[in-house]
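Below is one structure, written out as structure tokens, with a few remarks after it.
Throughout, protein chains are lettered first and strands after them, A, B, ... in sequence-line order, and every chain is numbered starting at 1.
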Number of protein chains: 2
Amino acid sequence: MSLISEPIASFSPLYEQIKAMILASLQASEWLPGDAIPSEMELAARYAVSQGTVRKAIDELAAQNLLVRRQGKGTFVATHQEEGWQYRFLRLEPDSGEKLQLKNQFLACEYIKSDEYIAHLLKLKAGDPIIRIDRVQSSAGRPIVFEEIWLPEGRFKGLTLNALNALSGPMYALYEGEYATHMVRAEEKIKAVLANDDLAQYLQVPVGAALLSVERVAFTYGNKPVEIRHARYDTADQHYDNKLN
Amino acid sequence: MSLISEPIASFSPLYEQIKAMILASLQASEWLPGDAIPSEMELAARYAVSQGTVRKAIDELAAQNLLVRRQGKGTFVATHQEEGWQYRFLRLEPDSGEKLQLKNQFLACEYIKSDEYIAHLLKLKAGDPIIRIDRVQSSAGRPIVFEEIWLPEGRFKGLTLNALNALSGPMYALYEGEYATHMVRAEEKIKAVLANDDLAQYLQVPVGAALLSVERVAFTYGNKPVEIRHARYDTADQHYDNKLN
DNA sequence: TAGTGGTCTAGACCACGGG
DNA sequence: CCGTGGTCTAGACCACTAC
């Protein structure tokens with residue numbers, strides 16, 4: 001591959017250009033979550049570079065959790081459908097250290113107009129159509145999480161409360177299967193807040209109890225924000241677990 | 001380098017053995033934070049492997065933030081002294097998005113016996129001697145953070161309130177400079193709590209205000225826990241910022 | 001046995017930093 | 001100018017998976 005006359009990235013290392021082309025294929029759904037991508041040798045031939053160069057490109061995409069390598073089998077597009085990746089972005093865990101088992105109860109799924117704030121986060125215009133979902137998640141029969149979710153209507157057209165109630169497993173699996181939208185990364189802003197009347201009722205805690213407020217923006221390929229969540233966690237018996245490196 | 005008769009790791013890939021040996025040198029303070037380590041060629045000669053193998057070992061250590069590569073200059077041992085790495089583990093930031101400027105006020109530095117809980121986290125025995133430090137950090141004259149810190153006395157012998165009050169900059173820089181202890185990673189458990197009388201006074205908030213409780217265990221080389229912190233953040237005007245990948 | 005990713009090598013050349 | 005890390009190649013062999 002020559003360094004001039006490149007379709008996507010115009011300069012910088014060859015492997016960066018390969019990365020960009022693989023990313024473009026992912027974004028274009030040429031390879032779907034769970035699928036194997038072509039072998040390193042095939043890609044090397046396709047892009048007319050050495051296997052080592054393809055290897056470095058794939059290594060970096062795998063480090064970003066976009067691809068998953070499996071020795072002897074191939075390289076696969078990451079998916080939230082998979083065992084162990086089901087709740088990849090959930091940092092809440094019981095103080096006891098056991099695994100958290102959450103049961104969904106969806107309360108609402110409304111088609112509304114975006115306000116300024118949500119529009120800004122989703123890179124839409126105020127007034128653009130969006131979907132708003134409310135849910136409560138329970139562990140061992142006790143409500144632990146109250147969550148408001150906002151989605152752009154365009155990408156998630158047709159989503160209904162019934163579809164949500166039929167769901168078992170994480171919403172990101174649903175987004176992948178039904179709306180061809182794979183979440184790549186997210187940003188969270190965390191605060192401590194007091195329970196108001198509504199929150200107290202949803203989470204069955206006293207008014208004035210301390211709750212963890214977690215605002216999340218989730219992004220798909222190309223750094224495109226496609227979901228906003230505002231969760232409140234009851235952290236009496238569980239905590240938000242974070243690793244710093 | 002032969003695959004048998006290895007001093008440190010006994011098998012697995014060559015570059016893993018190189019990693020282990022570089023790590024051992026770091027742990028033994030053969031190269032100090034801020035220093036350059038030998039060049040790739042030198043290390044390749046020393047370990048009798050190719051440059052590419054050393055390269056892969058260094059790449060992985062750099063990805064873990066133990067080393068820092070600088071093209072044209074060399075590879076350096078990571079340090080908390082450096083501009084931009086000063087508050088590498090601090091995730092608190094103003095809602096406005098500006099940079100947080102914190103001023104220290106140390107309240108106490110006592111030599112005490114460890115209780116069960118702290119001993120367990122530090123992998124000591126209950127009753128072992130430890131140091132306990134209290135401090136308040138303020139931004140623009142307003143108290144934002146109250147923090148209790150526990151250190152094993154053995155490693156930090158001689159630390160005094162005066163030394164702390166002379167400190168400008170992060171404590172991890174002090175640990176590095178005075179106690180040859182570099183922090184490599186940390187784990188935090190986050191909850192929402194209510195301000196009691198003491199916290200209300202330290203942070204100048206009403207009793208019953210919501211505060212973020214952050215318990216941190218910090219580790220040096222070899223996964224050795226050497227510091228416990230329990231912080232309470234006032235998140236009225238700032239938040240804990242987290243990226244999920 | 002064939003095909004995949006994983007390791008290792010040796011050598012060429014580039015890009016950056018500093019004397 | 002030299003020494004550093006950064007890129008790229010070509011080829012050999014290993015380790016794992018599946019048929």
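Between Ser39(A) and dG3(C), a side-chain N or O to OP1/OP2 separation shorter than 4.0 Å is absent. For Arg69(A) and dG6(C), the shortest distance from a side-chain N or O to OP1 or OP2 is below 4.0 Å. Within the structure, every side-chain polar atom (N or O) of Tyr15(A) is placed at least 4.0 Å from both OP1 and OP2 of dC8(D). Between Ser50(B) and dA10(C) there is no side-chain polar atom (N or O) within less than 4.0 angstrom of OP1 or OP2. Taking side-chain N and O atoms only, Lys73(B) has no distance below 4.0 Å to OP1 or OP2 of dG5(D).
Comparing Ile37(A) and Val54(B) by the nucleotide of DNA chain C that holds the closest heavy atom to each, the one mapping nearer the 5' end is Ile37(A). Heavy-atom distances to DNA chain D give each of Gly72(A) and Pro38(B) a nearest nucleotide, and the one nearer the 5′ end belongs to Pro38(B).
Salt bridge absent: Arg91(B) and Glu188(A) never bring a charged side-chain N and a carboxylate O closer than 4.0 Å. The pair Arg69(A)-Glu40(A) meets the salt-bridge criterion, since a charged nitrogen lies less than 4.0 angstrom from a carboxylate oxygen.
The nucleotide whose nearest atom lies closest to any side-chain atom of Gln71(B) is, among dG5(D), dG5(C), dT9(D), dG5(D). For Thr53(A), whose side chain is taken as the heavy atoms from C-beta onward, the closest listed nucleotide among dC16(C), dT9(D), dT9(C) is dT9(D). Considering only side-chain atoms of Pro13(A), the nucleotide from dG5(D), dC8(D), dA10(C) that sits closest is dC8(D). Of all nucleotides listed (dT9(C), dG6(C), dT4(D)), dT4(D) comes nearest to the side chain of Glu42(B). When the nucleotides dT9(C), dG5(D), dC8(C) are ranked by their closest atom to the side chain of Val49(B), dT9(C) comes out on top.
When only modelled atom types and interatomic distance are considered, Asn65(B) and Arg185(B) share no side-chain donor-acceptor pair under 3.5 Å. With no hydrogens or angles considered, a side-chain donor-acceptor pair links Tyr172(A) and Glu227(A) at under 3.5 Å. A side-chain donor-acceptor contact under 3.5 Å links Arg135(B) and Asn104(B).
Between the CD atom of Gln51(B) and the P atom of dC8(D) there is a distance of 15 Å, given to the nearest Å. Following rounding to the nearest Å, Met41(A) (CE) and dG6(C) (P) show an atom-to-atom distance of 14 Å. Between Asp59(B) atom CG and dG6(C) atom C1' there is a gap of 15 Å when expressed in whole angstrom units. Atoms OH (Tyr47(B)) and C1' (dT9(C)) sit 19 Å apart, rounded to a whole Å. Glu40(B) places its CD atom 14 Å from the P atom of dT9(C), with the value rounded to the nearest Å. When rounded to the nearest whole Å, the span between CD of Glu16(B) and P of dA15(D) equals 15 Å. Nucleotide dA18(D) holds its C1' atom 14 Å from the CZ atom of Arg70(A), rounded to whole Å. Separating the NZ atom of Lys56(B) from the C1' atom of dG5(C) is a distance of 11 Å, rounded to the nearest angstrom.
Here the options are Gln27(B), His80(B), Gln81(B), the test is side chain to side chain contact (heavy atoms under 4.5 Å, CB included), and the partner is His182(B); only His80(B) passes.
Across all strands, Arg55(A) comes closer than 4.0 Å to base atoms (heavy-atom distances).
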